[in-house]
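Each remark here refers to the structure printed beneath this line.
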Amino acid sequence: MSLLLRPSFLIFSFWVMLFHCVCFHASAQELNPSYFLFSEVSVQEVSQNTMELEDLARLNEKGIELKGIPNFYGDVGPLGAGNVITTARDLVALGEDIYRLIIKGKPTITTTYAPISVIPKVNGQPVDLLETENWQAPKKRTFVVVYKNVYAMEVVKFRYSVIYSYRGKYNNRGAYLTAVQVIPESIRTLFGFDFTATMKVGGIQNQGTRQNPIAGVTLLMEYTTSSLLVTQNKVDTFFITGVGDFKKL
């Protein structure tokens with residue numbers, strides 16, 4: 001019986017040895033110091049559109065629930081507006097001034113944060129969002145961040161979207177912002193690499209006049225990518241206005 005089994009045993013042993021050789025070769029390549037060095041980082045806008053009900057439904061199917069989105073009539077629901085972030089002469093920003101999107105290669109639950117609104121203040125106090133109106137359907141701008149190593153391998157690939165609703169009015173004047181938020185859509189990192197992404201509010205300003213204000217907000221997207229050998233930081237800056245303008249600075 002042992003003689004009959006010996007050929008199959010030898011064949012099995014051969015495949016085990018081959019498997020270990022292949023794994024050793026792959027590990028040796030990954031542990032080559034050059035594998036952990038960055039050679040290129042790119043940020044590319046891949047799409048932009050006005051969000052419809054179907055778009056919201058698709059995000060909900062992915063487990064992404066947006067907050068503060070105006071309804072069909074251009075009204076904002078009674079959702080918590082968040083904290084006061086910063087103020088200007090006639091404007092105030094509400095929401096969260098900083099939140100983590102990705103921590104060590106894993107998305108965070110961004111729906112726990114209040115979206116950003118830039119609205120007027122009266123007698124030193126922000127107006128009630130329920131008293132604003134005429135909000136336009138939110139716009140969505142989607143970007144992909146890619147880090148490559150010296151072998152031109154994509155070691156980090158991060159896709160996210162900036163969403164905002166604009167042209168809100170108070171007492172039939174002004175052009176304000178609400179539902180400004182950044183959502184992480186996907187993240188992929190190769191062995192040996194960590195990635196963290198954080199959104200911050202850089203500031204607000206009035207792009208119009210005191211009689212007819214146009215809100216403006218600066219968003220900072222900070223990326224930190226690290227390997228066993230090096231850490232790289234990058235900041236992208238976006239400027240959004242109450243009339244719907246969007247610029248990557």
Side-chain angles (χ1 to χ4, degrees), residues 45 48-52 55-56 66-99 101 110-111 113-143 160-183 198-222 235-249:
E45 183 170 8
Q48 56 178 286
N49 64 288
T50 299
M51 298 192 69
E52 306 292 344
D55 299 302
L56 296 175
L66 302 182
K67 286 189 174 183
I69 298 297
N71 62 22
F72 177 79
Y73 303 100
D75 300 321
V76 179
L79 290 174
N83 304 314
V84 174
I85 299 173
T86 186
T87 61
R89 183 172 184 177
D90 301 300
L91 298 172
V92 60
L94 306 176
E96 300 285 344
D97 61 339
I98 176 173
Y99 60 86
L101 298 168
T110 58
T111 54
Y113 298 96
I116 298 163
S117 297
V118 184
I119 56 177
K121 61 180 181 178
V122 178
N123 298 324
Q125 297 297 320
V127 302
D128 190 335
L129 268 173
L130 293 176
E131 297 180 5
T132 60
E133 57 187 357
N134 201 47
W135 293 101
Q136 303 300 295
K139 287 188 175 182
K140 178 171 177 277
R141 311 285 290 253
T142 302
F143 298 84
Y160 69 92
S161 292
V162 182
I163 296 173
Y164 59 98
S165 189
Y166 61 102
R167 214 179 285 280
K169 293 186 177 297
Y170 174 69
N171 287 339
N172 205 34
R173 290 192 301 175
Y176 303 103
L177 288 163
T178 194
V180 181
Q181 52 202 296
V182 179
I183 57 171
T198 302
M199 192 220 75
K200 296 181 179 180
V201 176
I204 62 173
Q205 57 182 275
N206 183 2
Q207 295 286 292
T209 64
R210 296 201 66 185
Q211 292 73 29
N212 195 31
I214 298 176
V217 64
T218 301
L219 300 183
L220 305 176
M221 282 293 298
E222 298 185 357
V235 178
D236 283 328
T237 304
F238 302 100
F239 185 69
I240 308 170
T241 74
V243 293
D245 293 334
F246 184 100
K247 295 179 181 179
K248 183 177 181 297
L249 304 178

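Computed from a predicted model, the values in this text were never measured in an experiment. Only this structure's heavy atoms are used, side chains among them; waters, hydrogens and symmetry mates stay out. In what follows, residues are counted from 1 in the order of the sequence shown.
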Would you give the length of the straight line joining atom [atom1] of [X] to atom [atom2] of [Y], rounded to the nearest 0.5 angstrom?
| X | Y | atom1 | atom2 | result |
| --- | --- | --- | --- | --- |
| Q48 | R141 | CD | CZ | 4.0 Å |
| T86 | Q205 | OG1 | CD | 11.5 Å |
| L94 | L129 | CG | CG | 6.5 Å |
| E52 | K140 | CD | NZ | 12.5 Å |
| T237 | E222 | OG1 | CD | 9.0 Å |
| T132 | Y170 | OG1 | OH | 10.0 Å |

Closest non-hydrogen atom pair between [X] and [Y], with its separation:
| X | Y | result |
| --- | --- | --- |
| Y176 | L91 | CE2-CD2, 3.6 Å |
| N49 | D55 | ND2-OD2, 3.8 Å |
| P115 | A179 | CB-CA, 3.8 Å |
| I163 | P138 | CG2-CB, 4.0 Å |
| S165 | P70 | OG-CG, 3.3 Å |
| V122 | V127 | CG2-CG1, 3.6 Å |

Side chains of [X] and [Y], heavy atoms from C-beta outward: is any pair under 4.5 Å?
| X | Y | value |
| --- | --- | --- |
| F143 | M221 | no |
| F238 | M199 | no |
| V162 | I240 | yes |
| V243 | R167 | yes |
| I116 | L177 | no |
| W135 | I69 | no |
| K121 | T87 | yes |

Practice item. Test side chain to side chain contact (heavy atoms under 4.5 Å, CB included) on V182 and Y99 and set out the steps. Key: CA-CA 9 Å; V182 179; Y99 60 86; 3.9 Å; yes
**Study point:** Polar contact flag, side-chain donor to acceptor under 3.5 angstrom, K200-T198
**Key:** no
Check your understanding: Where does the angle between the aromatic ring planes of Y164 and F246 fall among parallel (under 30°), tilted (30 to 60°) and perpendicular (over 60°)?
Key -> parallel
